[in-house]
Protein chains: 2
Amino acid sequence: MADPTEGSFSEPETEIMRATYRALREHGYADLTIKRIAAEYGKSTAAVHYHYDTKDELLVAFLDYLLERFVDTIRDVETTDPHQRLDLLLDELIFAPEEHRDLAVAMLEMRAQAPYKGDFRERFRGNDEYVRYMIKAVINHGIDEGEFDDVDADHVTRGLMMIVDGARTRAVVLDEPGALETARQTAAEYVDAVLT
Amino acid sequence: MADPTEGSFSEPETEIMRATYRALREHGYADLTIKRIAAEYGKSTAAVHYHYDTKDELLVAFLDYLLERFVDTIRDVETTDPHQRLDLLLDELIFAPEEHRDLAVAMLEMRAQAPYKGDFRERFRGNDEYVRYMIKAVINHGIDEGEFDDVDADHVTRGLMMIVDGARTRAVVLDEPGALETARQTAAEYVDAVLT
DNA sequence: CCTACCGATCGGTAGG
DNA sequence: CCTACCGATCGGTAGG
């Protein structure tokens, strides 16, 4: 809250989140231990437990941290023209895994835990609702301005989310060059087909 | 190989794969231990290690087992009409997570390990190629018969895979009713838009 | 395949 | 926050 947005040091909690991120990237979720997080943090495991009583509590906080970072990558779309705005939004949603592969990998690992952790699922649902709201708003705006056909904005939004999530999953799992370009093109074809 | 396809007992390896499946379903990948697998198997951990030297070796065999089961769910499309055949294929690919949620959950967990396990990634790539080949063959058949437009079959196939994988991921993570119906409809819209 | 066990590591805590 | 430690559990093995 003190706003060291650019400062190289900040609150211990933020440092621990960063350390968790590095540990997850290096070892994967299944081998993510308090000891490794503490090692990345540069302090003892007791220091970690001083800030987060249990591992579960730390992981939920970490998911919030991850989702914040994710939302940050798609927040600054500034154009007002609906079609262009939708294009830019889709660019960010689909090409994010390319620029932030570590983030995409970590997100998929956390996502795969959702069936076992209700806390995780709730947060992913909230995040998904937020992203869908952004897309839906642009589509509705385009419909109002007569730039898009009068479609079911909610349905089209969900269709685009399928493509976005498919792209993300495939980018992480298969790691094939060109997969994101294909996804972007598919999204464009879908937009052209149903909105115009 | 002795073919007890319906027998309630079979080779120890198959029993262990089944036990691993149950243990994974119950505890998740991060808490999947040899001890729990052995408990499901009904024998000692040494019995498990007798068949699989290391946990890694067991997991790779288990992924093969999972992918076989997955392929089995999409093998028996019998129609010859291209459009109908593509529809049935997409039905199976998209609605599979509904009928086999455990399988879909397990698959996503294994998928999330791909960045850390080259063995896993290779197998997912092989499986993906197989599924894509099936779809592409149907599309090319439709093009040859003049039922579909003369499109880039490979590109359309990849577009459909995005939707399929998006649907699977979202079904597991968000667990929202209706998500698969939406995905199926999106796939139909995409097919209509680019193939006809 | 089993019993019995190995060293290593786990999440978490007591006491300062 | 640290040192030092807890009981529990991990993957894996020896010997039969």
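All heavy atoms count here, side chains included; hydrogens, waters and symmetry mates do not. Order of the sequence lines fixes the chain letters, A, B, ..., with proteins taken first and strands second; residue numbering starts at 1 for each chain.
The residues B:Arg75 and B:Asp72 are annotated as salt-bridged, a charged nitrogen and a carboxylate oxygen being separated by less than 4.0 angstrom.
Checked against side chain to side chain donor-acceptor pair (under 3.5 Å), B:His27 has no partners two or more places apart in sequence or in another chain. With sequence neighbours excluded, no residue satisfies salt bridge (Lys or Arg N to Asp or Glu O under 4.0 Å) with B:Asp152. The side chain to side chain donor-acceptor pair (under 3.5 Å) test applied to A:Thr14 returns A:Glu11, not counting sequence neighbours.
Contact annotation: the side chain of B:Phe95 approaches that of B:Glu181 to within less than 4.5 Å [non-hydrogen atoms, C-beta and beyond].
As judged by a 4.0 angstrom heavy-atom cut-off over every strand, B:Ala46 is placed among the base-contacting residues. A:Tyr52 comes within 4.0 angstrom of nothing in the nucleic acid, heavy atoms only. Using a 4.0 Å heavy-atom cutoff across all strands shown, A:Thr33 reaches sugar-phosphate atoms only and no base atom. Residue contacts shown for B:Ile37 are absent, as no nucleic acid heavy atom lies under 4.0 Å away.
Remark: DNA chain D takes part in the stems C:1-16 with D:1-16, each of 3 or more antiparallel Watson-Crick or G-U pairs, criterion distances under 3.5 Å.
Running 5' to 3' along DNA chain D, contacts with non-hydrogen atoms of chain A at under 4.0 Å begin and end at D:dC1 to D:dT3.
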Before giving the answer on ring-ring contact (aromatic ring centres under 6.0 Å, His included), spell out for B:His83 and B:Phe148 the whole-Å C-alpha distance, their side-chain angles and the decisive distance to 0.1 Å. CA-CA 8 Å; B:His83 207 128; B:Phe148 295 148; 5.4 Å; yes
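If B:Ala47 and A:Lys35 are placed on DNA chain C by their nearest nucleotide, the residue sitting closer to the 5' end is B:Ala47.
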Let me check something: any side-chain donor-acceptor pairs from residues 57-70 of chain A under 3.5 Å, sequence neighbours excluded? List them with distances.
unit_1, atom_1, unit_2, atom_2, d
A:Asp64, OD1, A:Arg123, NE, 2.7
A:Asp64, OD2, A:Arg123, NE, 3.2

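B:Leu195 and B:Tyr133 are members of different hydrophobic clusters when ILVMFWY side chains are connected at heavy-atom separations under 4.5 Å.
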